[in-house]
Amino acid sequence: IDISNPSNPTLTGNYDTPGYAFGVTVDGNYAYVADGFDGGLQIIDISNPSNPTLTGTYSPSNFTHNVSVNGNYAFVAVSTDGLQIIDISNPSNPTLTGTYNTSGNAYNVSVNGNYAYVADDYDGLQIIDISNPSNPTLIGTYNTNGDAYNVSLNGNYAYVADGYDGLKIIDISNHSNLTLIGTYNTPGFARSISIN
């Protein structure tokens, strides 16, 4: 969507993925789409926004909910299979590098430095050390009590969209001792969050 005139956004281009597009992140000339069961991870060249084209795909074994990109890796939240780390250094041939099977349903992932923060449904927030992408390890958890659907990071805080339990704000400065510092009970089902 062309948003150069925010009061009159217009469609510039589109690409119909084979699955159910749940999440997208953009890095450089590529859009990385988490495309449910049928599409897995779709890597789309958006260098010409009016004519986006498919560059590569990776098909995890379960429902692909969301994706975050950091450097040469895509970090994919794959339902009951947890976190999958995909090498995207060659976008036309993405390959699996490492996995960590979280205890819940991985709905969303945000990456900061050497850590991936996974919104893991009924098992809350899971923090995974990704400094060795081929051997990710769990280093911290916080049970949010709701259904953690999405996580956004800002400084020492993780902001979790926690389903019917609304917004949870968690201090992540000490990964081995995560602490809840604030909540806001939204009236509906908190499914996504963005911090700007």
Side-chain angles (χ1 to χ4, degrees), residues 1 3 6 9 17 19-27 30-36 39 41-42 46 60 62-71 73-86 100 102-130 136 138-196:
I1 312 295
I3 55 170
T17 59
Y20 194 88
F22 250 73
V24 61
T25 190
V26 172
D27 187 64
Y30 297 100
Y32 299 82
V33 179
D35 203 40
L41 176 65
Q42 302 270 303
I46 54 170
N62 213 318
F63 198 101
T64 306
H65 280 283
N66 216 302
V67 56
S68 182
V69 171
N70 189 18
Y73 298 99
F75 299 84
V76 184
V78 187
S79 191
T80 55
D81 289 343
L83 177 68
Q84 300 203 351
I85 303 173
I86 313 299
Y100 184 84
T102 58
S103 52
N105 290 309
Y107 277 119
N108 182 265
V109 57
S110 290
V111 173
N112 185 20
N114 287 327
Y115 304 101
Y117 299 78
V118 177
D120 205 38
D121 195 12
Y122 47 80
D123 275 351
L125 179 66
Q126 311 262 307
I127 303 178
I128 299 167
D129 185 331
I130 54 171
L138 183 70
I139 61 165
T141 65
Y142 186 86
N143 189 344
T144 56
N145 293 324
D147 299 310
Y149 264 76
N150 199 287
V151 57
S152 188
L153 307 173
N154 188 21
N156 287 328
Y157 303 104
Y159 298 79
V160 178
D162 205 34
Y164 287 118
D165 274 12
L167 171 67
K168 302 288 177 66
I169 303 172
I170 300 167
D171 186 332
I172 56 173
S173 56
N174 181 352
H175 290 149
S176 62
N177 185 29
L178 306 178
T179 55
L180 182 70
I181 63 164
T183 65
Y184 184 83
N185 192 5
T186 57
F189 189 93
R191 187 175 288 271
S192 185
I193 184 170
S194 180
I195 304 296
N196 189 358

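Numbers here simply count residues along the sequence, with the first being 1. Everything quoted here is computed from the prediction, not taken from an experiment.
The heavy-atom pair separating Ile172 from Ile127 by the smallest distance is CG2-CD1, 4.2 Å. Across Ala74 and Val67, no two heavy atoms sit closer than the pair CB-CG2, 4.0 Å. Leu41 approaches Val76 most closely through the heavy-atom pair CD2-CG2, 4.3 Å. Across every non-hydrogen atom of Ala31 and Val24, the tightest pair is CB-CG2, 4.2 Å. What you find for Ile193 and Ala161 is that their closest heavy atoms are CG2-N, 4.1 Å.
Judged purely by distance below 3.5 Å, without hydrogens or angles, the side chains of Asp35 and Thr17 pair a donor atom with an acceptor atom.
Taking CG from Asn70 and CD1 from Ile130, the interatomic distance works out to 6.0 Å, rounded to the nearest 0.5 Å. Interatomic distance, Asp129 CG to Ile139 CD1, rounded to the nearest 0.5 Å: 5.0 Å. Note that CG of Asn150 and CG of Asn66 are 6.5 Å apart. Values are rounded to the nearest 0.5 Å. Expressed to the nearest 0.5 Å, how far CG of Leu178 lies from CG of Asn143 amounts to 11.5 Å. The distance from the CD1 atom of Ile169 to the OG atom of Ser152 is 11.0 Å, given to the nearest 0.5 Å. Note that CG of Asp171 is 8.5 Å distant from CG of Asn174, once rounded to the nearest 0.5 Å.
Side chain of Asp120 to main chain of Ala106: a donor-acceptor pair is present (N/O by atom type, distance under 3.5 Å, no hydrogens or angles).
Using a 4.5 Å cut-off on side-chain heavy atoms (C-beta onward), Val160 and Leu167 make no contact. Between Tyr73 and Ile86 there is no side-chain heavy-atom pair separated by less than 4.5 Å. A 4.5 Å side-chain heavy-atom check between Ser68 and Thr25 finds every atom pair outside the cut-off. For the pair Ile181/Ile170, no side-chain contact is recorded, criterion being any heavy-atom separation below 4.5 Å from C-beta on.
Sorted by first and then second residue, the salt bridge (charged side-chain N to carboxylate O under 4.0 Å, His left out) pairs with a member in residues 149-160 form an empty list; sequence neighbours excluded. Within the structure, every pair that satisfies the salt bridge (charged side-chain N to carboxylate O under 4.0 Å, His left out) test and touches residues 147-163, not counting sequence neighbours, is listed here: Asp162-Lys168. The stretch residues 144-167 participates, sequence neighbours left out, in these ring pair (Phe, Tyr, Trp, His ring centres under 6.0 Å) pairs: Tyr107-Tyr149, Tyr149-Phe189, Tyr164-Phe189.
Every residue two or more places apart in sequence or in another chain was checked for a salt bridge (charged side-chain N to carboxylate O under 4.0 Å, His left out) with Asp121, and none qualifies. Every side-chain contact (heavy atoms from CB on, under 4.5 Å) that Thr141 has, sequence neighbours left out, goes to Gln126, Leu138. Every residue meeting the ring pair (Phe, Tyr, Trp, His ring centres under 6.0 Å) condition with Phe63, not counting sequence neighbours, appears here in chain and number order: Phe22, Phe37, His65.
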